2 protein chains.
Amino acid sequence: MMTDLDHFLSTLKQSGMRITPQRRAICRYLSQTEAHPTAAMVYNELKPEMPSLSLMTVYNTLNTLEELGAIHAIGQAGDEAVHYDTDTEPHVNVICTACRKIIDVPSKKIDALKREIETKSGYRLHNTRILFEGLCPDCQKKSS
Amino acid sequence: MMTDLDHFLSTLKQSGMRITPQRRAICRYLSQTEAHPTAAMVYNELKPEMPSLSLMTVYNTLNTLEELGAIHAIGQAGDEAVHYDTDTEPHVNVICTACRKIIDVPSKKIDALKREIETKSGYRLHNTRILFEGLCPDCQKKSS
DNA sequence: ATTACTGCAAAAGATTTGCACTAGG
DNA sequence: CCTAGTGCAAATCTTTTGCAGTAAT
């Protein structure tokens with residue numbers, strides 16, 4: 001079976017990029033996390049087990065992976081920094097304005113929306129970023 | 001007739017905020033522009049006619065207007081800074097990856113998508129940010 | 001052996017903060 | 001009059017750049 005980790009690594013290799021221990025660690029983290037991490041989050045998670053890792057390498061690797069289309073930048077989620085999404089299929093990101101949790105929600109409606117916008121605007125679309133903000137079930141309970 | 005400018009100013013006033021010449025100028029610019037400006041763009045546009053204006057006041061005012069819901073931040077559009085949108089109705093922003101032009105496109109499908117996501121996720125949604133990236137008609141011609 | 005990658009330090013760019021002065025209500 | 005707003009300078013935070021040493025292929 002082809003794991004997500006293998007997918008990331010072979011994407012790098014096929015583009016002529018070298019597989020370094022740092023990149024391997026970053027890809028492994030990305031393939032295992034449910035979060036939508038920022039560069040700083042990746043760095044803080046991996047730093048303990050790889051003290052030599054520098055934040056700059058994290059930025060480099062995330063940029064490279066994004067250019068190769070293996071991950072997507074979903075922009076700042078109401079906060080400071082750019083969050084990344086390892087799910088590259090069109091889907092909706094939903095973020096809780098209270099606890100900042102981000103989840104992915106698929107929808108069959110996205111494709112039709114994209115085609116409608118393409119027709120109406122005349123643009124040829126190749127990237128989709130849909131973000132809803134709201135209160136997650138947990139935070140709804142807490143606030144009531 | 002209630003102009004957009006009046007709308008912005010009365011929103012400020014009703015929240016107990018003072019109407020200063022700077023805020024009036026910023027609101028006037030926002031009500032007249034077709035662009036999706038960043039703070040720096042607003043500043044550069046108004047600086048010639050109001051040399052005393054400071055970038056900081058622009059940030060303050062845009063933040064205030066956003067908190068009041070009069071404008072929306074649409075996040076960085078692939079580039080550096082946060083762009084603002086004076087259209088607060090749910091709609092799609094489409095940005096050209098070549099010339100960076102941003103247009104608004106309405107769609108009746110957004111409401112159904114939002115309801116679907118609300119049902120599937122359990123989140124109570126209150127903000128919508130939909131961004132498509134692609135090539136605008138002009139840039140398609142140029143590249144062919 | 002090459003050449004790309006890493007990591008440090010410093011830079012760049014956007015946004016925020018502290019504070020004295022000014023002016024809107 | 002009194003408080004909020006302004007504008008300056010400096011701080012902060014994220015991200016990028018320059019460069020010498022290091023390591024992947």
Side-chain angles (χ1 to χ4, degrees), chain A residues 8-29 36-68 71-84 100, chain B residues 8-29 36-68 70-71 73-84 100:
Chain A
F8 287 137
L9 292 177
S10 61
T11 301
L12 284 173
K13 188 169 270 177
Q14 281 167 29
S15 312
M17 321 245 83
R18 292 176 180 171
I19 308 300
T20 65
Q22 292 85 346
R23 285 183 175 168
R24 197 186 299 275
I26 293 167
C27 288
R28 178 167 38 76
Y29 173 73
H36 294 68
T38 64
M41 286 162 73
V42 175
Y43 176 73
N44 290 330
E45 285 289 326
L46 293 176
K47 185 72 176 175
E49 62 184 80
M50 181 174 270
S52 75
L53 181 67
S54 94
L55 181 56
M56 229 218 51
T57 300
V58 176
Y59 277 113
N60 276 341
T61 304
L62 291 176
N63 280 344
T64 302
L65 285 170
E66 201 209 345
E67 276 163 21
L68 297 175
I71 60 176
H72 276 173
I74 59 177
Q76 27 197 43
D79 54 350
E80 1 42 74
V82 173
H83 290 248
Y84 288 91
R100 291 282 144 205
Chain B
F8 286 137
L9 292 176
S10 61
T11 300
L12 284 173
K13 188 168 272 178
Q14 280 167 29
S15 313
M17 320 246 84
R18 292 176 181 172
I19 308 302
T20 65
Q22 291 87 344
R23 287 182 172 167
R24 195 185 300 275
I26 293 167
C27 289
R28 178 166 39 75
Y29 172 73
H36 294 68
T38 63
M41 287 162 71
V42 175
Y43 176 74
N44 290 331
E45 284 290 326
L46 293 176
K47 185 72 177 174
E49 62 184 79
M50 182 175 269
S52 75
L53 181 66
S54 96
L55 181 55
M56 229 219 52
T57 300
V58 176
Y59 277 112
N60 275 341
T61 304
L62 290 177
N63 280 344
T64 302
L65 286 170
E66 202 209 346
E67 276 163 24
L68 298 176
I71 61 178
I74 60 177
Q76 29 197 43
D79 54 351
E80 0 43 73
V82 173
H83 291 248
Y84 288 90
R100 292 283 143 204

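Just so we're clear, the structure is a prediction, and the values are computed from it rather than from any experiment.
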Nearest-angstrom distance from the residue atom [atom1] of [X] to [atom2] of [N]:
X	N	atom1	atom2	answer
B:L9	C:dG24	CG	P	14 Å
B:L62	C:dA14	CG	P	14 Å
B:E67	D:dG5	CD	P	11 Å
A:K13	C:dA4	NZ	P	17 Å
B:E66	C:dT15	CD	P	12 Å
A:L55	C:dC8	CG	C1'	12 Å
A:Y43	D:dC13	OH	P	15 Å
A:Q14	D:dT25	CD	C1'	17 Å

For this session: Using a heavy-atom cut-off of under 4.0 Å over every strand shown, decide if A:S52 touches base, sugar-phosphate, or nothing.
Result: sugar-phosphate
Side-chain contact, heavy-atom cut-off 4.5 Å: [X] with [Y]?
X	Y	value
B:Y84	B:H36	no
B:H83	B:P37	no
B:R18	B:K13	no

For this session: Check the pair A:L12 / A:L68 against side chain to side chain contact (heavy atoms under 4.5 Å, CB included), numbers first and verdict last.
Result: CA-CA 8 Å; A:L12 284 173; A:L68 297 175; 4.0 Å; yes
Return the nearest nucleotide to the side chain of [X]; candidates are [options].
X	options	result
B:M56	D:dT25, D:dA4, D:dA9	D:dA9
A:R18	C:dC5, D:dT6, D:dT15	C:dC5
B:L53	D:dT15, D:dG7, D:dT25	D:dG7
A:Y59	C:dG25, C:dG7, D:dT16	D:dT16
A:T20	D:dT15, D:dT25, D:dA24	D:dA24
B:Q22	C:dG7, D:dT6, C:dT6	D:dT6

Hey, does the side chain of [X] come within less than 4.0 Å of [N]'s phosphate (OP1/OP2), counting only N and O?
X	N	answer
B:N63	C:dT16	yes
B:S54	D:dC8	no
A:R23	D:dA24	no

Seminar exercise, completed: When B:R24 and B:A39 are each assigned the nearest nucleotide of DNA chain C, the 5'-most assignment goes to B:A39
For this session: Given side chain to side chain contact (heavy atoms under 4.5 Å, CB included), test B:T38 with B:V42 step by step and report yes or no.
Result: CA-CA 6 Å; B:T38 63; B:V42 175; over 6 Å; no
Seminar exercise, completed: Judged by nearest nucleotide, the residue sitting upstream toward the 5' end of DNA chain D, B:P51 or B:M17, is B:M17
